[in-house]
2 protein chains.
Amino acid sequence: MDQHAPVTQGDAGKDSVRDRLLDAAEVLFCERGFDGVSVRDLTGQANCNVAAVNYYFGGKDKLYQEMFKRQVQDICCRQIARINEAMGVPNPTLESVLREIIFMPLLAAYEKQQRGRIMRLMVREVLNKTVHGETILEAFHTQMMTHAVQALRTLVPQLDDKQARLAVFSVDSLKIHPFLFMDEFFAVNPGINFDEMVNHIVFFAAAGIRAMAAR
Amino acid sequence: MDQHAPVTQGDAGKDSVRDRLLDAAEVLFCERGFDGVSVRDLTGQANCNVAAVNYYFGGKDKLYQEMFKRQVQDICCRQIARINEAMGVPNPTLESVLREIIFMPLLAAYEKQQRGRIMRLMVREVLNKTVHGETILEAFHTQMMTHAVQALRTLVPQLDDKQARLAVFSVDSLKIHPFLFMDEFFAVNPGINFDEMVNHIVFFAAAGIRAMAAR
DNA sequence: GTGTATTTTAAACAATTGTTTCAAATAATA
DNA sequence: TATTATTTGAAACAATTGTTTAAAATACAC
């Protein structure tokens with residue numbers, strides 16, 4: 001009936017039309033957003049026929065969602081893994097864990113890697129209030145918040161749950177803002193390099209958290 | 001020649017077609033973004049003919065820019081005024097000035113006022129990398145940064161210029177993130193009300209700044 | 001090989017987009 | 001009032017949009 005996408009079971013060779021479309025979607029949508037990319041742009045990049053989008057995904061928006069869901073899951077897993085890794089070393093300190101959480105994502109944005117662009121697209125989506133807001137943020141802010149709060153309370157036992165949640169949110173603020181406005185950061189902070197930026201953020205976040213624990 | 005918009009000098013009565021279009025643009029674009037609003041949506045809301053957009057502004061994008069430029073200027077002025085006001089009272093402290101800067105914008109977002117929606121649109125625009133990024137951020141991050149750095153160094157004389165800029169950027173981070181993700185904030189911080197949120201941000205920011213000054 | 005299912009293709013679809021046209025209406029000026 | 005200039009209006013414009021169609025090509029099973 002409305003089973004647009006045929007079963008397509010099996011591996012399909014990793015360079016099938018379906019996969020090429022997903023790759024094209026990842027690149028183009030991140031560059032120009034949903035409305036900025038036409039179906040013909042996608043099929044042009046993927047070297048396939050216009051009808052392929054509807055044949056395999058059932059529509060432009062379905063392709064968008066499919067690509068999006070994968071990326072969110074990917075980012076989410078990576079972030080949780082980073083926390084676990086940072087907590088797993090012999091003597092984890094607040095600063096070392098903060099650095100682990102902050103360094104890599106910011107570096108991805110700094111070097112304008114695809115990973116950084118995906119995050120920008122995600123924020124854009126949430127601001128645009130398009131479909132996915134709930135789905136994204138749920139997995140994001142439930143799974144990840146739980147992990148982060150638990151780790152933080154291990155590192156700074158004086159914090160109760162309420163305080164830890166506030167702290168995690170503020171660390172997120174300090175990380176995501178320069179993440180989104182990386183170019184602007186260096187524009188208004190002349191004579192500062194990438195490492196100094198990271199050092200500052202880690203220092204500032206740690207100071208805030210320590211002050212919370214002290215009062 | 002390409003003088004699409006006739007001179008239109010004089011007051012025009014404050015409810016002219018031109019003004020109604022600007023009002024409609026402010027509301028609709030903030031709700032659904034540039035691509036989400038058609039010329040017919042605008043002229044429908046403004047109760048005028050489709051051709052009016054091109055007649056008065058020379059195109060949909062020109063109307064968008066006009067509306068945008070006004071709002072940015074407005075926000076910028078208001079923010080600088082807030083800093084001046086907070087610094088003008090008898091004994092301004094770091095905390096009192098931070099509170100003044102942070103409280104009102106967040107309240108606007110919390111109450112879902114138009115002012116809050118405009119800021120979201122601005123961030124969206126910067127992320128979308130549409131035309132205005134440079135223009136906005138220049139006025140924004142040049143004028144405002146200068147004012148804020150000066151005020152901060154008065155309050156905390158131990159900070160040099162470099163430190164003060166970093167501090168201002170981090171305060172901005174702590175403010176803008178919950179501004180954008182207000183709903184998510186309260187979702188992941190159950191049992192916290194608006195005042196507690198503001199108190200936390202002020203406390204956290206002040207602690208970071210004081211730590212910078214102390215080292 | 002034959003026959004069936006899957007994939008690919010070019011063409012056309014209907015709807016919406018921003019913009020233009022030009023005549024009618026209104027305001028302003030003399 | 002007569003003569004401009006300005007503003008409004010309905011209609012049409014060309015271009016692009018996402019999607020569908022139906023025939024051709026390919027793959028697969030037997």
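Chain A is the first sequence line, chain B the second, and so forth, proteins listed ahead of strands; every chain is numbered from 1.
Counting heavy atoms of neighbouring residues, nucleotides and ligands inside a 6.0 Å radius, atom CD of Glu31(B) exceeds 12 of them.
Tyr64(A) and Glu125(A) are linked by a side-chain donor-acceptor pair at a separation below 3.5 angstrom, with hydrogens and angles left out of the test.
Distance from the side chain of Ala51(B) is smallest for dT20(C) among the nucleotides dT8(D), dT20(C), dT21(D).
When the C1' atom of dG18(D) is taken as reference, atom NZ of Lys60(A) falls 8 Å away, rounded to whole Å. Following rounding to the nearest Å, Tyr56(A) (OH) and dT19(D) (C1') show an atom-to-atom distance of 17 Å. Nucleotide dT7(D) holds its C1' atom 16 Å from the CG atom of Asp15(B), rounded to whole Å. What separates CG of Leu21(A) from P of dT7(C) is a distance of 13 Å, to the nearest Å. At whole-Å resolution of the value, CG in Asn54(B) and C1' in dT20(C) are 8 Å apart. Per the geometry, CZ belonging to Phe57(B) stands 15 Å off P belonging to dG18(C), to the nearest Å. dT19(D) atom P lies 10 Å from atom CG of Leu63(A), rounded to whole Å. In this structure, CD of Gln65(B) is placed 16 Å from C1' of dG18(C), rounded to the nearest angstrom.
With respect to the salt-bridge test (charged N to carboxylate O, under 4.0 angstrom), the residues Asp183(B) and Lys112(B) qualify.
The residue Ala52(A) sits apart from the nucleic acid: no heavy atom pair falls under 4.0 Å. At the heavy-atom level, Val17(A) lies under 4.0 Å from the strands shown only through sugar-phosphate atoms.
Side chain of Ser96(B) to backbone of Pro92(B): no donor-acceptor contact under 3.5 angstrom is found.
Atom CD of Gln143(B) is separated from atom CD1 of Ile80(B) by 4.5 Å, given to the nearest 0.5 angstrom.
A heavy atom lying under 4.0 Å from DNA chain D marks the following residues of residues 34-46 of chain A, by number: Val37(A), Ser38(A), Val39(A), Arg40(A).
Proximity of Tyr55(B) to the phosphate of dT8(D): no side-chain N or O atom is located under 4.0 Å from OP1 or OP2. The shortest distance between the side-chain N/O atoms of Asn49(A) and the OP1/OP2 oxygens of dT8(C) is not below 4.0 Å.
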Original post:
Once Watson-Crick and G-U wobble pairs under 3.5 Å are found, how is DNA chain D written in dot-bracket notation, 5' to 3', with | for any base paired to another strand?
Top reply: ||||||||||||..||.||||||.||||||

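With sequence neighbours left out, Thr146(B) forms a side-chain hydrogen bond (donor to acceptor under 3.5 Å, both in side chains) with no residue at all.
Among Leu22(B), Val17(B), Leu63(B), the single residue meeting the side chain to side chain contact (heavy atoms under 4.5 Å, CB included) criterion with Tyr56(B) is Val17(B). Partner of Gln71(B) under the side chain to side chain donor-acceptor pair (under 3.5 Å) criterion, chosen from Glu66(B), Glu26(B), Gln114(B): Glu26(B).
Counting only heavy atoms from C-beta outward, the side chains of Ser16(A) and Arg20(A) never approach each other to under 4.5 Å.
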